[in-house]
Amino acid sequence: MEKQLNLDLVWGGYYASISSDDGQVSVFRMLDFNRDAYHAALFAEKLTDTPTLEQLRDLFPSIGHVPIDARSLLLNDDLQMIARKELSHSDLEGYIYYLEAHEVPQEEINDLVERILGFSRNELPLHLCLEIIEDQLVISERE
């Protein structure tokens with residue numbers, strides 16, 4: 001089965017999807033992305049409408065970091081970036097703990113954190129197309 005999703009990728013971006021079951025909006029924040037996984041902060045609140053950046057500032061992640069199979073993004077037909085905010089070191093604390101628990105050398109962690117912070121300063125999103133072709137995730141840039 002082939003599936004496709006156009007994703008505007010922003011490190012530090014807030015993304016929303018609407019549940020087909022009850023119409024409630026779920027939100028996560030993109031911390032990092034690669035072909036195998038995306039790393040996100042998850043918000044437990046289920047909202048009735050898509051929140052504004054002001055409303056998002058009042059929310060705190062219930063889970064500061066979780067790695068999720070990147071292919072699962074394609075399960076969200078209505079996934080949309082709703083706001084962006086530059087990441088800080090404190091936003092990445094959970095991710096750093098995760099990397100330390102996986103015995104990633106401190107120098108590699110520091111380099112990764114600096115790259116992620118730099119990506120989050122970028123004003124323009126990456127316009128990606130994610131596709132599942134023969135059970136493999138294929139990522140391409142779109143215009």
Quick one: side-chain contact (heavy atoms from CB on, under 4.5 Å) partners of Ala37, sequence neighbours excluded?
Asn34, His39
Side chain of [X], backbone of [Y]: donor and acceptor closer than 3.5 Å?
{"X": "Ser120", "Y": "Glu86", "result": "no"}
{"X": "Asp78", "Y": "Ile18", "result": "yes"}
{"X": "Ser62", "Y": "Leu42", "result": "yes"}

Distance from [X] atom [atom1] to [Y] atom [atom2], nearest 0.5 Å?
{"X": "Ile133", "Y": "Asp135", "atom1": "CD1", "atom2": "CG", "answer": "11.0 Å"}
{"X": "Leu79", "Y": "Leu74", "atom1": "CG", "atom2": "CG", "answer": "9.5 Å"}
{"X": "Cys129", "Y": "Glu141", "atom1": "SG", "atom2": "CD", "answer": "11.5 Å"}
{"X": "Ile132", "Y": "Glu134", "atom1": "CD1", "atom2": "CD", "answer": "11.5 Å"}

Glu54: what forms a salt bridge (Lys or Arg N to Asp or Glu O under 4.0 Å) with it, not counting sequence neighbours?
Arg57
Aromatic ring pairing Phe28/Tyr15, orientation class (parallel under 30°, perpendicular over 60°, tilted between)
parallel
Name the orientation class of the two ring planes belonging to Phe43 and Tyr14 (parallel below 30°, tilted from 30 to 60°, perpendicular beyond 60°).
tilted
Does [X] belong to the same Ile/Leu/Val/Met/Phe/Trp/Tyr cluster as [Y], with side-chain heavy atoms less than 4.5 Å apart forming each link?
{"X": "Tyr97", "Y": "Leu92", "result": "no"}
{"X": "Leu75", "Y": "Val27", "result": "no"}
{"X": "Ile68", "Y": "Leu73", "result": "yes"}

Neighbour count above 12 (heavy atom, 6.0 Å) for Arg71 CZ:
no
Taking atom CD of Gln106 as the centre, report whether more than 12 heavy atoms of other residues, nucleotides or ligands fall under 6.0 Å from it.
yes
From the options Leu112, Leu117, Val113, select the one residue that forms a side chain to side chain contact (heavy atoms under 4.5 Å, CB included) with Arg115.
Leu112
List the atom of [X], the atom of [Y], and the distance in Å for their closest heavy-atom pair.
{"X": "Leu31", "Y": "Ala40", "result": "CD1-C, 3.8 Å"}
{"X": "Ala83", "Y": "Leu56", "result": "CB-CD1, 3.8 Å"}
{"X": "Leu137", "Y": "Ala70", "result": "CD2-CB, 3.6 Å"}
{"X": "Ile116", "Y": "Tyr95", "result": "CD1-CE2, 3.5 Å"}
{"X": "Ala41", "Y": "Gly64", "result": "CB-O, 3.6 Å"}
{"X": "Gln24", "Y": "Asp22", "result": "N-OD1, 3.0 Å"}

Taking the side chain as every heavy atom from C-beta outward, state whether Glu100 and Ile109 have any atom pair closer than 4.5 Å.
yes
Can you name the residues that form a ring pair (Phe, Tyr, Trp, His ring centres under 6.0 Å) with Phe33, not counting sequence neighbours?
none
Do the charged groups of Asp91 and Arg29 touch, with an N to O distance under 4.0 Å?
yes
Could you check whether Arg142 pairs with Asp8 (Lys NZ or Arg NE/NH1/NH2 to Asp/Glu carboxylate O, under 4.0 Å)?
yes
Mind running side-chain hydrogen bond (donor to acceptor under 3.5 Å, both in side chains) on Tyr38 and Asp32 for me, showing each step along the way?
CA-CA 6 Å; Tyr38 69 100; Asp32 196 10; over 6 Å; no
As a quick check of understanding, evaluate side-chain hydrogen bond (donor to acceptor under 3.5 Å, both in side chains) for Glu114 and Asn110, giving each step before the final call.
CA-CA 6 Å; Glu114 289 308 312; Asn110 293 343; over 6 Å; no
Under the side chain to side chain contact (heavy atoms under 4.5 Å, CB included) criterion, do Asp36 and Asp69 qualify, and how do the steps go?
CA-CA 6 Å; Asp36 297 317; Asp69 187 324; over 6 Å; no
